[in-house]
A.B. asks: 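Before I ask anything, let me first share the structure, which is written out below as structure tokens.
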Amino acid sequence: MKEEIALITGCTSGIGLYLAHQFAKHGHPVVLVAPDAGELDRLAAELESSYGVTAHTIARNLEEPTAVDEIYDELSQSGIEIHILANNAGHGFWGKSWELPVEQDISMIRLNIEAPVRMTKR
């Protein structure tokens with residue numbers, strides 16, 4: 001098993017799910033971050049069973065302003081140091097921008113821009 005721990009956000013579907021499998025397949029312990037604890041637990045069990053790696057889960061919505069600090073605090077308290085960060089969480093909206101509620105724009109900015117900046121800084 002490799003010593004470099006990979007933290008993957010948005011890991012319960014799509015590219016993030018693929019990345020979680022790839023890091024685990026290559027022997028990296030993983031920290032899985034997404035909003036749904038149940039999905040995270042199922043994925044962690046699958047990765048541990050399939051690849052023999054340790055999979056730690058943290059259920060947080062990265063749109064929340066305190067989420068990154070909470071993740072950092074939990075990792076620090078657990079003595080987990082992250083070596084690889086795969087910021088995959090994100091979303092978008094379809095439609096004419098002037099017709100979409102500004103709350104959707106703010107949501108997208110928080111998740112797609114603010115959260116990765118905060119995660120990288122931590």
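Positions are given from 1, in the same order as the sequence printed here.
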A.B. asks: Sort and list the pairs that fulfil ring-ring contact (aromatic ring centres under 6.0 Å, His included) and have at least one residue in residues 53-86, not counting sequence neighbours.
C.D. replies: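 Found none.
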
A.B. asks: Could you give all pairs that pass the ring-ring contact (aromatic ring centres under 6.0 Å, His included) test and reach residues 96-122, with sequence neighbours left out?
C.D. replies: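 Found none.
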
A.B. asks: Evaluate the side-chain proximity of Asn87 to Ile8: yes if any heavy-atom separation is below 4.5 Å, no if none is.
C.D. replies: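 They are not in contact (no side-chain heavy atoms under 4.5 Å apart), so the answer is no.
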
A.B. asks: Indicate every side-chain donor-acceptor pair of residues 100-117 with a distance under 3.5 Å to a residue at least two apart or in another chain.
C.D. replies:
residue: Ser107; atom: OG; partner: Glu63; partner atom: OE1; Å: 2.5
residue: Ser107; atom: OG; partner: Glu63; partner atom: OE2; Å: 3.3
residue: Ser107; atom: OG; partner: His91; partner atom: NE2; Å: 3.0
residue: Asn112; atom: OD1; partner: His91; partner atom: N; Å: 2.9
residue: Asn112; atom: ND2; partner: His91; partner atom: O; Å: 2.6
residue: Glu114; atom: OE2; partner: Arg118; partner atom: NE; Å: 2.8
residue: Glu114; atom: OE2; partner: Arg118; partner atom: NH2; Å: 3.1

A.B. asks: Are Asn88 and Cys11 side-chain neighbours, meaning at least one heavy-atom pair lies under 4.5 Å?
C.D. replies: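 Counting from C-beta outward, Asn88 and Cys11 never come under 4.5 Å.
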
A.B. asks: Can you check whether Leu75 reaches Ile58 side chain to side chain, under 4.5 Å on heavy atoms?
C.D. replies: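 Yes; the side chains approach each other to less than 4.5 Å.
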
A.B. asks: Return the set of residues passing salt bridge (Lys or Arg N to Asp or Glu O under 4.0 Å) with Glu70 (not counting sequence neighbours), or none when no residue passes.
C.D. replies: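 For Glu70 the salt bridge (Lys or Arg N to Asp or Glu O under 4.0 Å) partners, ignoring immediate neighbours, are Arg60.
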
A.B. asks: Once salt bridge (Lys or Arg N to Asp or Glu O under 4.0 Å) is applied, do any residues pair with Arg122, and if so which ones, sequence neighbours excluded?
C.D. replies: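 Asp69.
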
A.B. asks: So, do His28 and Val53 sit near enough that their side-chain heavy atoms are less than 4.5 Å apart?
C.D. replies: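 They are not in side-chain contact.
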
A.B. asks: Output all residues satisfying side-chain contact (heavy atoms from CB on, under 4.5 Å) with Tyr18, sequence neighbours left out; order by chain, then residue number.
C.D. replies: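 With sequence neighbours excluded, Tyr18 shows a side-chain contact (heavy atoms from CB on, under 4.5 Å) to Gln22, given in chain and number order.
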
A.B. asks: So, using side-chain contact (heavy atoms from CB on, under 4.5 Å) as the criterion, who are the partners of Ser49 when residues are at least two apart?
C.D. replies: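 If we apply the side-chain contact (heavy atoms from CB on, under 4.5 Å) test to Ser49, skipping adjacent residues, there are no hits.
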
A.B. asks: Walk me through it: do Glu81 and Ile5 pass the test side chain to side chain contact (heavy atoms under 4.5 Å, CB included)?
C.D. replies: CA-CA 7 Å; Glu81 182 180 342; Ile5 300 171; 5.7 Å; no

A.B. asks: For the residue pair Thr9 and Ala89, what are the closest heavy atoms and their distance?
C.D. replies: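 Nearest pair, atom of Thr9 first, then Ala89: OG1-N, 3.0 Å.
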
A.B. asks: Among residues at least two apart in sequence or on other chains, which ones pass side-chain contact (heavy atoms from CB on, under 4.5 Å) with Thr12?
C.D. replies: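 Result, side-chain contact (heavy atoms from CB on, under 4.5 Å) vs Thr12: Ala34, Glu39, Leu40.
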
A.B. asks: OG1/Thr57 to CG/Leu43 distance, rounded to the nearest 0.5 angstrom?
C.D. replies: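 Atom-to-atom, Thr57:OG1 and Leu43:CG are 9.5 Å apart.
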
A.B. asks: For Val30 and Thr54: C-alpha separation, side-chain torsions, deciding distance, then whether side chain to side chain contact (heavy atoms under 4.5 Å, CB included) applies.
C.D. replies: CA-CA 6 Å; Val30 293; Thr54 301; over 6 Å; no

A.B. asks: Looking at residues at least two apart in the chain, or sitting in another chain, which of them share a ring-ring contact (aromatic ring centres under 6.0 Å, His included) with His21?
C.D. replies: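 Counting only residues at least two positions away or on another chain, His21 forms a ring-ring contact (aromatic ring centres under 6.0 Å, His included) with Tyr51.
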
A.B. asks: Decide yes or no for Ile80 and Leu7: does some side-chain heavy atom of the first lie under 4.5 Å from some side-chain heavy atom of the second?
C.D. replies: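 Side-chain contact under 4.5 Å: no.
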
